[in-house]
Amino acid sequence: MTHQNSITGMILAGGRGTRMGRVDKGLQPFRGATLAAHVLLRLAPQVAGVAINANRNQATYEAMGAPVWPDDMQGYEGPLAGLQTGLRRCATELLLTAPCDSPFLPADLAQRLLAALREQDADLAVAVTMEADESGDAYQRVHPVFSLVKTGVLPQLSAYLDSGARRMDGWYKSIRVAQVLFDDAAAFRNINTLADLKDMEKPAARPALQAGGDPDAMDVEQAQRVIHDYIEPVRTVEKVALRAALDRVLAADIVSPISVPAHDNSAMDGYAFRGAELLAGAPTTFRITAVVLAGRPCALRIGPGECVRIMTGGVMPEGLDTVLPQELAAAITADSVTVAPGSIATGANRRFKGEDLMAGAPALRKGKTVRPADLGLIASLGIAEVAVRRRLRVAFFSTGDELRSIGEPLDAGCIYDSNRYTLYGMLRRLGCDVVDMGTVPDDPRALEEALRSACESADAVLTTGGVSSGDVDYIRRIMAELGEVAFWKMNMRPGRPMAFGRIGSNGRGAYLFGLPGNPVAAMVGFYFFARPALLRMMGAESALPVLRARSAQAIRKKPGRTEYQRGILSVNGDGEREVRITGSQGSGILRSMSEANCMVVLPAAQGDAAVGDLVDVVLFDGLV
Ligand SMILES: Nc1nc2c(c(=O)[nH]1)N[C@H]1C(S)=C(S)[C@@H](COP(=O)(O)OP(=O)(O)OC[C@H]3O[C@@H](n4cnc5c(N)ncnc54)[C@H](O)[C@@H]3O)O[C@H]1N2
Ligand code: MOO
Ligand SMILES: [Mg+2]
């Protein structure tokens, strides 16, 4: 078992951002993501889970996928107030803090602080770096915001705060502290002002890449951000009959014209009466004065001591609020029912008017992809036609002299084209209209012609192969001639060479994804880059649920690049999710992709994963 399980991470994002003009520091954009997201990415692989201590914009922080813990103390009392909240809420033995403005924090922060904490039997381990003062003399700088704290020291911290003190290191006198020297002072750089932020944004300020990184390549998060910012959604809307809206994207909110249900009604077959008439310690007998069936209007007046026989869905007569299911009755005769004391609570089994949907309230939001439950919901409102975005038209072809199509003889040195089939499947699942343009040889003229005709008729064009730096890899060159290449190389594996941009011809244009030729690389490029881009074009939501699972094996992983490994997620004997990697991860091995039921996403900062480490997993399939 590894150290991670005993530690909860907490990002300190609760400050006023005074030195940044009171902006919410953690939400400032930085290299394609927010500052807090960078910290989250670095912290998550080191701990069992990460929470965010924030006092503003909590919904935005929550959307990053971490729980938000606001200060229990009121009035922005500083990082110690955040720490107090963290120690109270944390379910593990230890809490690791990091500030939201330190996007370069060390990948082994937790591990090294923990080693010192254990070795010195301390209550708190804090990071220290060697710095030079103004005259060039070295001094030790303590970073109290980067500390690993035993949750057991909460009483000492609360006592310190109750005394009115707020300095971060002031309470160290009452606990045992281990100082841990880190060589890499740059990893603790924080971004205090908007000017710092701009400076750091420049590539020159990039931290040295670790093994596995490529200085010319773009980080995955940044590439995803570029794609997001670059893409304009297609705006055309069409009205379709309700059934035809399945799997389409809603172009407008669906507002409920009626309340569902339209009346208070019974959730049970039984007897309806006024709960207030039930006697406290004795049986109560009600006289049955009417029978209410579902689907009939009800204008009955029910007097004191009276009840109605009512069926599930039957409209509740005015004034009645409680339904006794018939099987709970103490006695039933032809004209009375007796209720034993304590057998039913007032208000039980009454369904309220509008409890599913209130008239005038949005029932479904635009951007939602219509699923079977949504079809039913829209039907329950009596709506027959729905406004949806028009389908995207996506053209695709494979490139390579070595490719043969099914039905053709397989000449020496050749392979059958598989990418067109995986792309067909993925695009159809996304609800796109597809145009399969076949295979195109590694010939610049043929490629240019194919790209021109594709972008004249489609919203997006997907190609595979010919995008790296081989002698006949022409895609990027032609893409630059016909338009622009936004980027073409990413810090990831598989799928490092992947070109994204826009091309045009004869006044028409389309986004172009030049996916790599290796079959698994092409699929990974599609899932994590083309898919969100196409969904954005469709005006649809694209966030994928990310699960955490324990790795059932050691996983080799180079730090410095994001790795997408093929996995099989299952539930072990203890009922916990666990994931195994499917055999060889070569990017040409499609069999291991077919065997997989998920992708294991290992962020750039992370190195090897050990047995029992928690890793992120994205499932291929869900319920229909
Ligand atoms: N010197 C370098 N060489 C390569 C690098 C690099 O960084 N430096 N990157 C490697 C990586 S990573 C990948 S991925 C590939 C990408 O290559 P291309 O996009 O140029 O693709 P091709 O060269 O055309 O083909 C690569 C590979 O995939 C097979 N392939 C292509 N299309 C299909 C298809 N439709 N169905 C099945 N298989 C296909 C092709 O036969 C090749 O084996 O570049 C590396 N090289
Ligand atoms: O993207 Mo390549 O397929 O990483 O080997
Ligand atoms: Mg190539």
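Indexing begins at 1, ligand by ligand and atom by atom, following the structure's order. Residue numbers count from 1 along this sequence.
- Contacts of Arg493 with ligand 1, taken as heavy-atom pairs under 4.0 Å, are absent altogether.
- The shortest N or O to N or O distance between Pro516 and ligand 1 is not below 3.5 Å.
- Under the 4.0 Å criterion applied to side-chain N and carboxylate O atoms, Asp433 and Arg391 are assigned as salt-bridge partners.
- Contacts of Pro516 with ligand 2, taken as heavy-atom pairs under 4.0 Å, are absent altogether.
- The proximity of Asp473 to ligand 1, defined as any non-hydrogen pair under 4.0 Å, is limited to the side chain.
- Annotation for ligand 1: atoms under 4.0 Å from non-hydrogen atoms of Arg496 are 6 (C), 7 (O).
- Using a 4.0 Å cut-off between charged side-chain N and carboxylate O, Glu449 and Arg445 make no salt bridge.
- A salt bridge links Glu448 to Arg452: at least one charged side-chain nitrogen sits closer than 4.0 Å to a carboxylate oxygen.
- A salt bridge links Arg248 to Glu238: at least one charged side-chain nitrogen sits closer than 4.0 Å to a carboxylate oxygen.
- For a threshold of 3.5 Å applied to N or O pairs, the pair formed by Gly495 and ligand 2 contains at least one separation below that value.
- Asn572 contributes a side-chain N or O that, together with a main-chain N or O of Glu576, makes up a donor-acceptor pair within less than 3.5 Å.
- Only the side chain of Leu403 comes within 4.0 Å of ligand 1, counting heavy atoms alone; its backbone N, CA, C and O stay farther away.
- The Asp417 neighbourhood of ligand 1 comprises atoms 34 (C), 35 (N), 36 (N), with distances under 4.0 Å to a heavy atom of that residue.
- Applying the 4.0 Å criterion to heavy atoms of Gly466 picks out, from ligand 1, the atoms 18 (P), 19 (O), 20 (O), 21 (O), 22 (P), 24 (O).
- The shortest N or O to N or O distance between Asn518 and ligand 1 is under 3.5 Å.
- Salt bridge Arg393/Asp459: absent, no basic N to carboxylate O contact under 4.0 Å.
- In this structure, atom 3 (O) of ligand 2 lies nearest to the protein heavy atom Ser587 OG, 2.4 Å.
- For the residues Pro494, Ser418, Gly517, Gly514, the heavy atom positioned nearest atom 39 (C) of ligand 1 is part of Gly517.
- A cation-pi arrangement is absent between Arg531 and Phe526 under the rule of less than 6.0 angstrom and at most 45 degrees off the ring axis.
- The distance from ligand 2 to the heavy atoms of Ala521 drops below 4.0 Å at these ligand atoms: 1 (O), 3 (O).
- Near Pro519, meaning under 4.0 Å from any of its heavy atoms, are these atoms of ligand 1: 37 (C), 38 (N).
- Taking every non-hydrogen atom of Asn518 and a distance limit under 4.0 Å, the qualifying atoms of ligand 2 come out as 3 (O), 5 (O).
- For Phe528 and Tyr564, the ring centers sit closer than 6.0 Å to each other.
- The distance from ligand 2 to the heavy atoms of Pro494 drops below 4.0 Å at these ligand atoms: 1 (O), 3 (O), 4 (O).
- Here the two rings, on Phe182 and Phe188, have centers that are under 6.0 Å apart.
- Electrostatic pairing of Glu221 and Arg225 does not count as a salt bridge here, judged by no charged N lying under 4.0 Å from a carboxylate O.
- Proximity of Ser398 to ligand 1, defined as any heavy-atom pair under 4.0 Å, is confined to the side chain (atoms from C-beta onward).
- The side chain of Ile415, and not its backbone, has at least one atom closer than 4.0 Å to an atom of ligand 1 (non-hydrogen atoms only; side chain from C-beta on).
- With Phe396 as the aromatic partner, Arg420 does not meet the cation-pi criteria of under 6.0 angstrom to the ring centre and within 45 degrees of the ring axis.
- The pair Asp411-Arg404 meets the salt-bridge criterion, with a side-chain N (NZ, NE, NH1 or NH2) lying under 4.0 Å from an Asp/Glu carboxylate O.
- Both the backbone and the side chain of Ser468 come within contact range of ligand 1, each with a heavy atom under 4.0 Å.
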